[in-house]
There are 2 protein chains.
Amino acid sequence: MDAQQPRWLTDEEMQTWLALARVLIRLPAALDDQLQRDAGISHFEYQVLAMLSGAPERTLRMSALAVFAGGSASRLSHVAGRLERAGWVRRTPDPADGRGTLATLTDAGWEKIAATAPGHVETVRALVFDPLTRVQQRQLGDIGRRIARTVDPDGSDLDSFSG
Amino acid sequence: MDAQQPRWLTDEEMQTWLALARVLIRLPAALDDQLQRDAGISHFEYQVLAMLSGAPERTLRMSALAVFAGGSASRLSHVAGRLERAGWVRRTPDPADGRGTLATLTDAGWEKIAATAPGHVETVRALVFDPLTRVQQRQLGDIGRRIARTVDPDGSDLDSFSG
DNA sequence: CGCAAATGCTTGACGTGTCAAGTAGTTTGC
DNA sequence: GCAAACTACTTGACACGTCAAGCATTTGCG
C-alpha cells in the first residue's frame with residue numbers, strides 16, 4: 001500500500017494486462033447484449049434456466065441453484081420472482097424440508113432455454129474460439145484453469161453445460 | 001436461434017469455456033473487492049483517478065476521460081460527482097469550448113491514487129501472472145489481444161498504464 | 001448573420017444487485 | 001419435549017449503471 005514494492009509490471013506484462021482487462025470488460029458485456037437482444041434475458045437468468053434444464057426433474061433447491069448459477073441467495077430470490085412472473089419457473093415448498101424451496105422449469109421455460117441456447121453458444125464460439133488457433137484454444141484452457149483456481153480456490157466446478 | 005446449429009461445443013471447448021467463464025466472473029469481482037477493501041473505491045473510480053494521474057496537467061476532458069476509463073459519459077458524470085465530493089477531482093469549464101468540462105486530479109486525489117496503485121498492481125500480479133509460467137504469460141498476451149480485437153474491434157487501446 | 005443541427009455534459013427515473021434484517025421451519029441439547 | 005441455535009429463503013432500503021430527456025454551447029450553411 002505504501003511506497004514502491006519490488007514488483008511493478010514490465011512492459012510486456014502491462015500489454016498483456018491491458019488486453020486481458022479489455023476482455024474482462026467487453027466479453028461479458030457482449031454476451032449479455034446478445035442474450036438481451038435475442039432473448040430479453042440477462043446472462044444470470046440464462047444460467048438459472050440452463051441449470052434447471054439440466055437438472056433431474058428440471059428441479060433444484062434454491063440454495064443449490066444459487067451456487068450453480070453463481071449468485072447469492074438473495075439475487076436468485078429476486079430473479080426467481082421475475083422468472084416466475086414470466087411463467088418460466090415455478091417455486092414450490094420442499095416437502096422433505098419445509099424451509100427449502102424447489103425451483104422447477106416449466107414447459108414454457110424449457111422452450112425458452114431451448115430456443116435461446118444455440119444462439120448463445122454460437123456467440124461464445126464466435127467471440128472466444130474462432131479468433132484462436134487450435135493450439136491457442138488448448139493453451140487458454142490451461143491458463144484459464146490456473147487463474148480460476150487462484151482467484152476462486154474453492155469454486156466447485158460450476159457444473160455441467162451452460163453456454 | 002432455432003434448432004440445432006452445426007457448431008456445438010466439444011468437451012474440451014466446454015471445459016475451456018467453463019474455466020474462462022469462472023475467470024470472467026470472479027477476477028473482476030476479486031479486483032473490485034481488493035480496491036473496495038483497501039481504498040474504498042470501485043475499479044471504475046480507480047481507472048478514472050489513474051487516467052487523470054497519467055495525463056498532462058493531470059487534466060482531461062470528460063469525454064476523453066470516459067473513453068479512457070471505459071465507461072459512458074453518463075456513468076462518468078455520476079462518478080465525477082462523487083469523486084469531486086470526496087475532494088479528489090475538480091471540474092472546470094473548458095475555456096476553449098464552453099460545452100466541454102475539464103476534470104483535474106487534485107493533490108488529495110494524487111495522493112489517493114499513489115497510495116492505492118501499488119497494492120492494486122500487486123493483486124493483479126498475484127491473481128493473473130503468478131499462477132502462470134513465463135511462456136503462458138506470453139501466450140495469454142496474444143490470446144487476449146485476439147479476443148479483445150474480436151469483441152471490441154474499434155477499441156482504441158485504452159491507453160497508458162493503469163493497473 | 002441567423003437558425004437548425006450537432007456536440008458535451010448533466011440529470012432523473014428506473015432496473016438490478018447487495019447487504020442487513022426478518023420470517024418460517026428444523027435441529028440440538030438438556 | 002421445549003427452548004435456543006441454526007438453516008433456507010424472502011424482503012426492503014440503498015447504491016450504482018443505463019437510458020432517455022434536457023440544457024447550454026458551438027458549428028454548419030443558406
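The sequence lines fix the lettering, A, B, ..., with proteins before strands; numbering per chain opens at 1.
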Out of D:dT25, D:dC9, D:dA8, minimum distance to the side chain of A:Arg99 belongs to D:dA8
Under-4.0 Å salt bridge between A:Arg58 and A:Asp107:
yes
What is the distance from CD of B:Gln36 to C1' of D:dC16, rounded to the nearest Å?
11 Å
Within one Ile-Leu-Val-Met-Phe-Trp-Tyr cluster: B:Ile25 and B:Val124, side-chain cutoff 4.5 Å
no
Side-chain ion pair, B:Glu84 and B:Arg90, N-O less than 4.0 Å:
no
Rounded interatomic separation in angstrom, taking CG from A:Leu83 and P from D:dC9:
16 Å
Check whether any side-chain N or O of B:Glu13 sits under 3.5 Å from a backbone N or O of B:Thr10 as a donor-acceptor pair, and report yes or no.
yes
Just to confirm, is there a sub-4.0 Å distance from OP1 or OP2 of D:dC9 to any side-chain nitrogen or oxygen of A:Ser63?
yes
Whether the side chain of B:Ser74 and the base of D:dC19 hold a donor-acceptor pair under 3.5 Å is what I'd like checked.
yes
Checking all strands, does B:Ser72 fall into the base, sugar-phosphate, or nothing category for heavy-atom contacts under 4.0 angstrom?
sugar-phosphate
Report the residue (A:Leu102 or B:Pro95) whose heavy-atom-nearest nucleotide on DNA chain D is the more 5′ of the two.
A:Leu102
Reading DNA chain C from 5' to 3', where do the contacts with chain B start and stop? Cut-off is 4.0 Å to heavy atoms.
C:dT7 to C:dG12
In whole Å, I'd like the distance from the NE2 atom of A:His78 to the C1' atom of D:dT10.
8 Å
Whole-Å distance separating the CE atom of A:Met62 from the C1' atom of D:dT10:
9 Å
N/O donor-acceptor pair under 3.5 Å between A:Thr116 side chain and A:Lys112 backbone
yes
For A:Phe44 and for A:Ala96, find the nucleotide of DNA chain C with the closest heavy atom, then tell me which residue's nucleotide is more 5'.
A:Phe44
Nearest-Å distance, CG (A:Asp94) to C1' (D:dA8)?
10 Å
Given that A:Asp97 and B:Thr101 both sit by DNA chain C, which one's nearest nucleotide is further toward the 5' end?
B:Thr101
Quick check: does any side chain N or O of B:Thr101 sit under 3.5 Å from a backbone N or O of B:Met62, one acting as donor and the other as acceptor?
no
Donor-acceptor pair, A:Arg146 side chain versus B:Pro131 backbone, under 3.5 Å?
yes
Gap between atoms CD and C1', on A:Glu84 and D:dT10 respectively (whole Å)
12 Å
Atom CD of B:Glu45 to atom P of D:dC16: distance rounded to whole Å?
7 Å
Quick one: A:Arg75 CZ to D:dT11 P, roughly how many Å, whole number?
18 Å
